[in-house]
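Here's the structure we're looking at; comments come further down.
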Amino acid sequence: MRIYAIANQKGGVGKTVDTINLAAGLAEHGRRVLAIDWDPQGHLTEAIGAQLATDASLARALLGQWSGELADLVQQVDGGLFVIPTSDDMFLLEPQMYGRSGREYLLSRFLDALVGIFDDVVIDCPPSLGALNDNALVATRRRPDNDQVQGKIVIPVQAEDSSIRALRLFLRQITTLQEALRIELEVAGLVVNLYDGRKGRIATSTLEAFQTHPLGVLGVFKDLKEVREAWRLRTTVIAHAPDSETANGFRALVARLDPDLTSVVTS
């Protein structure tokens, strides 16, 4: 099972769109894919048209306040694409984490139990540097004693100066986690969203800076209408406009993240 954390402490950089469409692109290969709305703001839950979780919520499950069937937490979106929506009590999860031993591993323990049920997990992370983000990043760590779980961090950015500053802070968070917990995290690279070269030198020079960054750029997505249309229709770009430039861009992103998936398999 592969775990992808779509993360950046900066908001508005396209994390949710990347999460939904990366998950959809993986599902096109016949894989069982779980997208997790790990953000209390619930953008993924809204964008995919999922129902807000109530009694059976991931937050309550992680805190030991609920136990039941996995099917009560998971909603099927389409084919092999599933989602765990957010819930109102997600806002209360982070404060309650701080008093718990091993709090950074709460999500990891939950996901490790899903091996054999899902092939991929894609996590839509909140725009913060707090315990929720720590949990998502730690879930992607290399497990020397368990080769059944692999993980990568994907960092969405925008071609603007504030994204460069935010990236420095976020990479510092990753380094701090690795040193404090003695774990190994892999950053797969950057995804540039909402790119518009017509904005002038600020946009083009920032894109150049990202392209020469040691992490590298996995994909560049323009501000195209099919993304907004898919959001309004509560579906993925791949489902809404399968032949579009954006849909093909996400297919290319899937291939870069998992080179074994080189050709789309559809039913």
Side-chain angles (χ1 to χ4, degrees), residues 1 3-20 22-23 32-78 81-115 117-118 120-141 149 151 153-154 156 170 173 177 181 231 234-236:
M1 185 174 74
I3 301 173
Y4 301 95
I6 314 302
N8 189 333
Q9 60 92 17
K10 189 178 187 302
V13 293
K15 291 187 292 293
T16 300
V17 169
D18 289 347
T19 300
I20 292 171
L22 172 59
R32 288 175 61 86
V33 185
L34 177 64
I36 296 180
D37 193 344
W38 193 236
D39 184 352
Q41 298 176 85
H43 296 309
L44 186 147
T45 299
E46 174 188 356
I48 207 67
Q51 298 296 313
L52 194 68
T54 53
D55 293 338
S57 71
L58 180 56
R60 295 188 64 208
L62 295 183
L63 294 172
Q65 299 169 354
W66 176 87
S67 60
E69 299 297 325
L70 180 63
D72 295 331
L73 292 176
V74 177
Q75 298 176 25
Q76 187 170 13
V77 176
D78 181 41
L81 179 57
F82 300 80
V83 63
I84 294 183
T86 195
S87 58
D88 289 337
D89 53 12
M90 185 66 80
F91 284 102
L92 305 175
L93 175 59
E94 188 165 63
Q96 295 183 69
M97 282 181 168
Y98 286 107
R100 292 177 176 259
S101 175
R103 61 181 178 270
E104 297 92 352
Y105 296 89
L106 288 176
L107 183 59
S108 285
R109 288 194 286 268
F110 175 83
L111 295 182
D112 284 353
L114 302 184
V115 172
I117 301 174
F118 293 103
D120 304 283
V121 176
V122 190
I123 308 168
D124 187 22
C125 298
S128 76
L129 295 172
L132 288 178
N133 243 0
D134 284 350
N135 261 254
L137 299 179
V138 170
T140 71
R141 74 193 184 281
V149 181
I153 300 166
V154 176
F170 185 60
Q173 179 187 17
L177 272 177
L181 301 179
W231 189 287
R234 296 192 171 187
T235 187
T236 67

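Keep in mind it's a predicted model, so treat the numbers as computed, not measured.
We find the CG-SG distance between D39 and C125 to be 9.0 Å, quoted to the nearest 0.5 Å. Here the straight-line distance linking atom CG of D37 with atom OG1 of T19 works out to 8.5 Å at 0.5 Å rounding. Atom CG of residue L58 and atom CG of residue L93 lie 7.5 Å apart, to the nearest 0.5 angstrom. Within the model, atoms CD1 of I6 and CG of D18 stand 6.5 Å from one another, a figure rounded to the nearest 0.5 Å. Taking OG1 of T86 as the reference point, atom CD1 of I36 lies at 11.0 Å (rounded to 0.5 Å). Of the inter-residue distances, the one linking I84 atom CD1 with D124 atom CG reads 13.0 Å to the nearest 0.5 angstrom.
At least one side-chain heavy atom of L70 sits less than 4.5 Å from a side-chain heavy atom of L114. For the pair V83 and T45, the minimum side-chain heavy-atom distance is 4.5 Å or more. Between T236 and V77, the closest side-chain pair of non-hydrogen atoms is not below 4.5 Å.
Here R141 pairs with S108 under the side-chain hydrogen bond (donor to acceptor under 3.5 Å, both in side chains) rule; sequence neighbours left out. Looking at residues two or more places apart in sequence or on another chain, you find no side-chain hydrogen bond (donor to acceptor under 3.5 Å, both in side chains) involving D78. By the salt bridge (charged side-chain N to carboxylate O under 4.0 Å, His left out) test, D88 is found to be paired with no residue, residues two or more places apart in sequence or in another chain being considered. Under the ring-ring contact (aromatic ring centres under 6.0 Å, His included) criterion, F118 pairs with F82, not counting sequence neighbours. Listed by chain and number, the residues in a side-chain hydrogen bond (donor to acceptor under 3.5 Å, both in side chains) with T140 amount to none (sequence neighbours excluded). Taking the side-chain contact (heavy atoms from CB on, under 4.5 Å) definition, one finds that R109 meets it with Y105, L106, sequence neighbours left out.
Within the 3.5 Å criterion, the main-chain N or O of R103 finds a donor-acceptor partner in the side chain of N135. Between the side chain of Q75 and the backbone N or O of Q51 there is at least one donor-acceptor pair closer than 3.5 Å. Checking side-chain atoms of K15 against main-chain N and O of K10 turns up a donor-acceptor pair under 3.5 Å. No side-chain donor-acceptor contact under 3.5 Å links R60 to the backbone of D89. Counting only distance, with no hydrogens or angles, the side chain of N133 and the backbone of S128 share a donor-acceptor pair below 3.5 Å. Put simply, the side chain of E94 gets close to the backbone of L132: a donor and an acceptor are under 3.5 Å apart.
P40 approaches P126 most closely through the heavy-atom pair CD-CB, 4.2 Å. Looking at every heavy atom in both residues, Y98 comes nearest to A131 through OH-N, 3.3 Å. Of all non-hydrogen atoms in L81 and A23, the two that sit nearest each other are CD1-CB, 3.6 Å. Across all non-hydrogen atoms, the minimal contact from I117 to R32 is O-NE, 2.9 Å. The two residues N8 and P156 make their nearest non-hydrogen contact at ND2-O, 2.8 Å. Nearest heavy-atom pair, A5 versus A136, reported as atom, atom and distance to 0.1 Å: CB-O, 3.9 Å.
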message = For E46 and R234: C-alpha separation, side-chain torsions, deciding distance, then whether side chain to side chain contact (heavy atoms under 4.5 Å, CB included) applies.
response = CA-CA 7 Å; E46 174 188 356; R234 296 192 171 187; 4.2 Å; yes
